[in-house]
Amino acid sequence: MDRKKSARLFIQAQELMPGGVNSPVRAFRSVGGSPVFIKKAKGSHIFDVDGNEYIDYVLSWGPMLAGHAHPQVVKALKSAVENGTSYGAPTQLESELALRIMELYPSIKKVRMVSSGTEAAMSAIRVARGFTGRDKIIKFEGCYHGHADGLLVKAGSGGATFGVPDSKGVPESYARNTITVPFNDIDMFRKIVNEEWNSIACVIVEPVAGNIGCVLPAKGFLKTLREETARHGIVLIFDEVMTGFRVSLGGAQAAYGIVPDLTCLGKIIGGGLPVGAYGGRKDIMSVISPEGPVYQAGTLSGNPVAMTAGIETLKILSRKGVYEKLESRMEQLEKGLKDAARKAGVPAKFYRAGTMFCTYFTDSEVTDYETAKQSDTARFGRFFSGMLDRGIYLAPSQFEAGFISIAHSAADINRTIKVAYETMKTL
Ligand code: HOZ
């Protein structure tokens with residue numbers, strides 16, 4: 001497949017931006033080769049500047065659950081833009097999106113819109129600290145909650161991809177307040193909480209760890225987090241930036257039956273525009289300015305264009321039958337990829353939660369960051385390149401999840417399975 005123009009653009013971009021990109025994982029460094037420069041996307045397909053077409057399983061790292069450029073979203077956006085693109089003042093659209101979110105996430109009694117998942121997570125933590133008067137937080141190894149200072153400790157996503165889970169530039173005094181526990185390690189979590197509870201403001205978790213691939217919560221893990229935090233007055237924050245609307249319409253909290261105190265959302269509630277949100281218990285959310293003493297603000301928060309994309313996307317997702325269709329496509333993909341690996345004689349483990357998934361090249365179960373790291377990442381790199389050259393666009397890292405959308409057809413999935421088998425035979 002010819003990608004000369006992408007390669008040329010990347011050479012230029014490297015002179016202009018660190019690593020030639022505006023977010024590290026995009027640089028393809030862990031899988032080799034040069035990133036694909038995108039020209040446009042429609043439905044389940046994405047097109048590069050050299051005229052190549054790919055079936056897209058990155059979907060802008062998750063948000064395009066309704067497919068790229070969905071006609072209903074595009075139409076609403078066109079008319080929204082005609083009315084101006086930002087006011088920095090209240091609109092009815094904000095309340096409309098807030099109501100839709102609260103209907104689907106009953107744990108959210110009040111919500112604050114922000115502009116990214118990073119902002120949602122760092123703000124939710126500030127609120128938890130303000131509410132409890134405690135400083136420490138617990139996060140899980142390999143979970144990624146955006147790039148705020150205190151969260152770049154044993155972080156997933158680019159941190160895992162490039163082997164730098166603890167970022168330089170984070171003062172030791174910040175990192176000291178972040179306690180890390182291996183994902184799914186119930187005993188260690190209990191021990192730490194029981195010893196240190198009176199200094200712990202919150203526990204933040206991706207209920208399905210999507211920034212080390214797709215690692216499922218072990219039986220009883222999320223329930224233990226809920227019980228122990230409730231017992232000790234610690235705020236439980238579910239970071240559902242990835243799992244929201246993906247694991248189910250009501251997110252991981254609905255799928256696993258756990259009610260967190262605060263929830264972070266992002267990606268899908270912006271339908272591909274820069275949006276995040278955090279919300280939860282009324283007493284906790286009431287500490288936020290101007291109701292309370294915890295400050296958090298943003299000129300672009302609640303931006304009318306972004307709210308419009310979110311509202312239309314949630315309308316599409318709330319239609320009857322959408323999740324049943326997604327489930328059947330996902331089952332088809334799961335079965336096909338497992339069969340392809342078996343027939344090709346390649347050891348692989350496939351995991352998924354709703355429509356987020358990951359294939360690890362290993363014989364052993366992947367249950368946390370350590371076991372994810374033991375998978376054959378070099379083989380993943382070859383798999384990634386083989387798939388790309390055959391028209392399948394996967395996330396360029398073993399430590400990121402794949403996604404499908406409502407636009408992925410049975411034919412897309414069949415083609416992907418066929419190509420996966422061809423590629424796996426060469427690994
Ligand atoms: N944090 C994203 C993955 N979960 C990566 C975003 C990007 O590199 O664009």
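All values below come from the heavy atoms of this structure, side chains included, with hydrogens, waters and symmetry mates left out. Counting starts at 1 for both ligands and their atoms, in listed order.
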Who's the nearest protein heavy-atom neighbour of [atom], and how far?
atom	result
atom 3 (C) of ligand 1	E400 OE1, 3.0 Å
atom 5 (C) of ligand 1	W61 CD2, 3.8 Å
atom 2 (C) of ligand 1	S157 OG, 3.9 Å
atom 8 (O) of ligand 1	S23 OG, 2.8 Å

N-O pairing of D261 and R281 below 4.0 Å |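 Looking at R281 together with D261, the answer is yes, because their closest N to O distance falls below 4.0 Å.
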
In plain terms, say whether R3 and D389 are close enough for a salt bridge, that is, a side-chain N and a carboxylate O under 4.0 Å apart.
->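 So R3 pairs with D389 through a salt bridge.
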
Relative to the heavy atoms of Y144, which atoms of ligand 1 are at a distance of less than 4.0 Å?
->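 Ligand 1 atoms under the 4.0 Å threshold to Y144: 1 (N).
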
Can you list the atoms of ligand 1 that are under 4.0 Å from a heavy atom of N211?
->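 Every atom of ligand 1 under 4.0 Å from some heavy atom of N211: 3 (C), 4 (N).
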
Kindly indicate whether the side chain of V208, heavy atoms from C-beta on, has any atom under 4.5 Å from the side chain of M356.
->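 Yes - at least one pair of side-chain heavy atoms lies under 4.5 Å apart.
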
Answer yes or no: is there a side-chain heavy-atom contact under 4.5 Å between V215 and F183?
->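 With C-beta onward as the side chain, the pair touches.
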
Do K40 and F47 meet the cation-pi criteria used here (NZ or CZ under 6.0 Å from the six-membered ring centre, within 45° of the axis)?
->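 Judged by the rule, K40 and F47 form a cation-pi pair.
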
